[in-house]
Amino acid sequence: MTKQRDYNKELENTPERKYAYNFDIDVMHPFMLRSFEPFFRQGNCLEMGSFKGDFTKRLLSYFDDITCLEASDEAINVAQKQLGEKVSYINSLFEVAILPTKYDNIVLTHVLEHIDDPVSLLKKVNTEWLSDEGRFFIVCPNANAPSRQIAVKMGLISHNSAVTDAEATHGHRITYSLDTLERDIRRSGLKIIHRSGIFFKALANFQWDQLLNTDIISKEYLDGCYELGQQYPDLCASIFFVCEKGRM
């Protein structure tokens, strides 16, 4: 029998690892949007796994009609205090959620790696939630990020795609690379229209957080890491796919 998950507890920081770093919110979120923007459709937006609303707040610049689907009621409470009535919230597990409409833009950032059966969820998005002309934006942490490969060489983790104890505590079930994420997307029946990476990354998140408190890192350097990531997607912090509805 599968152990019941506590999604509120999975969001808690641990001594070994934060759930979300300043690097994620201040650096990766803007670059994710920069990657998404050319592919956005006019219409509504569903954010799957909205956490505490930090990325949702950025989506408000692009969409008037946003729905957040989130398993943690504590995270929703924080998001509502930040965003008020600007966003609709549904507190439900993805696997059992019944949504009121289809969506022209669906965003799933750093969430799929937490899902027990990712292919089934992707199939559900394809068949039930994505509109006929909609776009589905999927971002996952990258197993082959240089920061992770360095950790392997240091003996801190066993192999690139390992799920560490700290990651497992936060609900991670898999660490994707470009090929394994593409495999699961294709199994679901979704149509891939774009694949890339977001932000070349040779340092761990906690190291980035320390650097961001100094004047060592400039905006130009961050932009350079983003542009280099377009050239070398397999060496990025995150991997990124844009999908459309597949014809089942």
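Worth knowing before you read on, the calculation uses all heavy atoms, side chains too, and leaves out hydrogens, waters and symmetry mates.
Closest approach of G197 and C236 over heavy atoms only: C-SG, 3.5 Å. For the pair A237 and A145, the tightest heavy-atom approach, listed with the atom from each and the gap, is CA-CB, 4.3 Å. Between C68 and T56, the closest heavy-atom pair is SG-CG2, 3.4 Å. Minimum heavy-atom separation, N142 to P233: ND2-O, 3.9 Å. G49 and V111 make their closest contact through O-CG2, 3.9 Å (heavy atoms, listed as atom of the first residue, atom of the second, distance). Between V107 and C45, the shortest heavy-atom distance links the atoms CG2-SG, 4.1 Å.
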Worksheet item: Between L222 and I217, does a side chain to side chain contact (heavy atoms under 4.5 Å, CB included) hold up when you go through it step by step?
Response: CA-CA 7 Å; L222 295 176; I217 301 298; 3.6 Å; yes
Discussion item. Using the rule given for side chain to side chain contact (heavy atoms under 4.5 Å, CB included), can you reason through L108 versus F137, listing the C-alpha separation, both sets of side-chain angles and the distance that settles it, and then say yes or no?
Written reply: CA-CA 6 Å; L108 186 75; F137 302 83; over 6 Å; no
Practice prompt. Show the numbers, then the answer: is there a side chain to side chain contact (heavy atoms under 4.5 Å, CB included) between M48 and I106?
Written response: CA-CA 7 Å; M48 299 174 61; I106 299 180; 3.6 Å; yes
Worksheet item: Going through the distances and angles, do I138 and L122 end up as a side chain to side chain contact (heavy atoms under 4.5 Å, CB included)?
Response: CA-CA 10 Å; I138 305 169; L122 295 174; 3.9 Å; yes
Discussion item. Please evaluate residues S161 and Y176 with respect to the criterion side-chain hydrogen bond (donor to acceptor under 3.5 Å, both in side chains), reporting the C-alpha separation (whole Å), side-chain torsions for both, the decisive distance (0.1 Å), and the verdict.
Written reply: CA-CA 7 Å; S161 61; Y176 278 113; over 6 Å; no
Worksheet item: Step by step, would you call K52 with Q82 a side-chain hydrogen bond (donor to acceptor under 3.5 Å, both in side chains)?
Response: CA-CA 8 Å; K52 297 179 180 179; Q82 282 197 79; over 6 Å; no
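Side-chain contact between P141 and H110 is present, with heavy atoms from C-beta onward closer than 4.5 Å. Considering only heavy atoms from C-beta on, I185 stays 4.5 Å or farther from F136 through its side chain. Side-chain contact check for T101 versus W129: every heavy-atom pair is 4.5 Å or farther apart. Between D104 and Q42, the closest side-chain pair of non-hydrogen atoms is not below 4.5 Å. L181 is listed as a side-chain neighbour of L112, based on a closest heavy-atom distance under 4.5 Å. In this structure the side chain of K86 never reaches within 4.5 angstrom of the side chain of D64, judged on heavy atoms. Annotation: side chain of V152 is in contact with side chain of N160 (closest heavy-atom distance under 4.5 Å). Residues I115 and E95 are in side-chain contact: their nearest non-hydrogen atoms beyond the backbone lie under 4.5 Å apart.
With hydrogens and angles disregarded, a donor-acceptor distance shorter than 3.5 Å links the side chain of T175 to the backbone of A162. With hydrogens and angles disregarded, no donor-acceptor distance shorter than 3.5 Å links the side chain of K123 to the backbone of P118. A side-chain donor-acceptor contact under 3.5 Å links H114 to the backbone of H170. In this structure a side-chain-to-backbone donor-acceptor pair under 3.5 Å is missing from D54 to I25. Looking at K124, its side chain does come within 3.5 Å of a backbone N or O of F94 through a donor-acceptor pair. With hydrogens and angles ignored, the 3.5 Å screen pairs no side-chain donor or acceptor of N91 with any backbone N or O of I76. For K245 (side chain) and S131 (main-chain N/O), no donor-acceptor pair under 3.5 Å exists by modelled atom type. No donor-acceptor pair closer than 3.5 Å links the side chain of Q210 to the backbone N or O of Q207. In this structure a side-chain-to-backbone donor-acceptor pair under 3.5 Å is present from K102 to E128.
Taking the six-membered ring wherever Trp is involved, the centroid distance between the rings of F240 and H194 falls below 6.0 Å. A distance of 6.0 Å or more separates the ring centres of F199 and Y226.
Note: W208 and Y221 have tilted aromatic rings, judged against thresholds of 30 and 60 degrees for the angle between ring planes.
I192 is connected to V125 through a chain of hydrophobic side-chain contacts under 4.5 Å among Ile, Leu, Val, Met, Phe, Trp and Tyr, so both are in one cluster. Side-chain heavy atoms closer than 4.5 Å link hydrophobic residues (I, L, V, M, F, W, Y) into clusters, and following such links, possibly through other members, connects L33 to V242. When hydrophobic clusters are built by joining Ile, Leu, Val, Met, Phe, Trp and Tyr residues whose side-chain heavy atoms come closer than 4.5 Å, directly or via intermediates, L228 is not grouped with I198. Hydrophobic clustering (ILVMFWY, side-chain heavy atoms < 4.5 Å, transitive): L178 and F200 are in distinct clusters. Under a hydrophobic clustering in which Ile, Leu, Val, Met, Phe, Trp and Tyr are joined whenever their side-chain heavy atoms come within less than 4.5 Å, directly or via other members, I90 and V78 fall into different clusters.
Checked against salt bridge (charged side-chain N to carboxylate O under 4.0 Å, His left out), E244 has the following partners two or more places apart in sequence or in another chain: R41, R135.
Salt bridge status for R58 with E47: absent, with no side-chain N to carboxylate O gap under 4.0 Å. The existence of a salt bridge linking E182 and R195 is confirmed by a sub-4.0 Å separation between a basic side-chain nitrogen and an acidic carboxylate oxygen. We find that R148 and E167 are joined by a salt bridge, their nearest charged nitrogen and carboxylate oxygen being less than 4.0 Å apart. Ionic pairing of D179 and R183 is not present here: no N-O contact between side-chain nitrogen and carboxylate oxygen is shorter than 4.0 angstrom.
Rounding to the nearest 0.5 Å places CZ of F206 at 14.0 Å from CG of N22. Taking OG of S238 as the reference point, atom CE of M28 lies at 3.5 Å (rounded to 0.5 Å). Here the straight-line distance linking atom OG of S72 with atom CZ of F51 works out to 8.5 Å at 0.5 Å rounding. Atoms CG and OG, on N205 and S147 in that order, are 7.0 Å from each other to the nearest 0.5 Å. In this structure, C140 SG and I174 CD1 are separated by 8.5 Å, a value rounded to the nearest 0.5 Å. Taking CG of L190 as the reference point, atom CG of N126 lies at 4.0 Å (rounded to 0.5 Å).
Within the structure, ring-ring contact (aromatic ring centres under 6.0 Å, His included) pairs that include any residue of residues 58-86 comprise F40-Y62, F40-F63 (at least two apart or interchain).
Y89 and S50 form no side-chain donor-acceptor contact under 3.5 Å, judged by distance and modelled atom types alone. Judged purely by distance below 3.5 Å, without hydrogens or angles, the side chains of S177 and N144 never pair a donor atom with an acceptor atom.
The neighbour count for D165 CG, taken as heavy atoms of other residues, nucleotides or ligands under 6.0 Å away, does not exceed 12.
Each of T67, D65, I66 was scored for a side chain to side chain contact (heavy atoms under 4.5 Å, CB included) with Y103, with one residue passing: T67.
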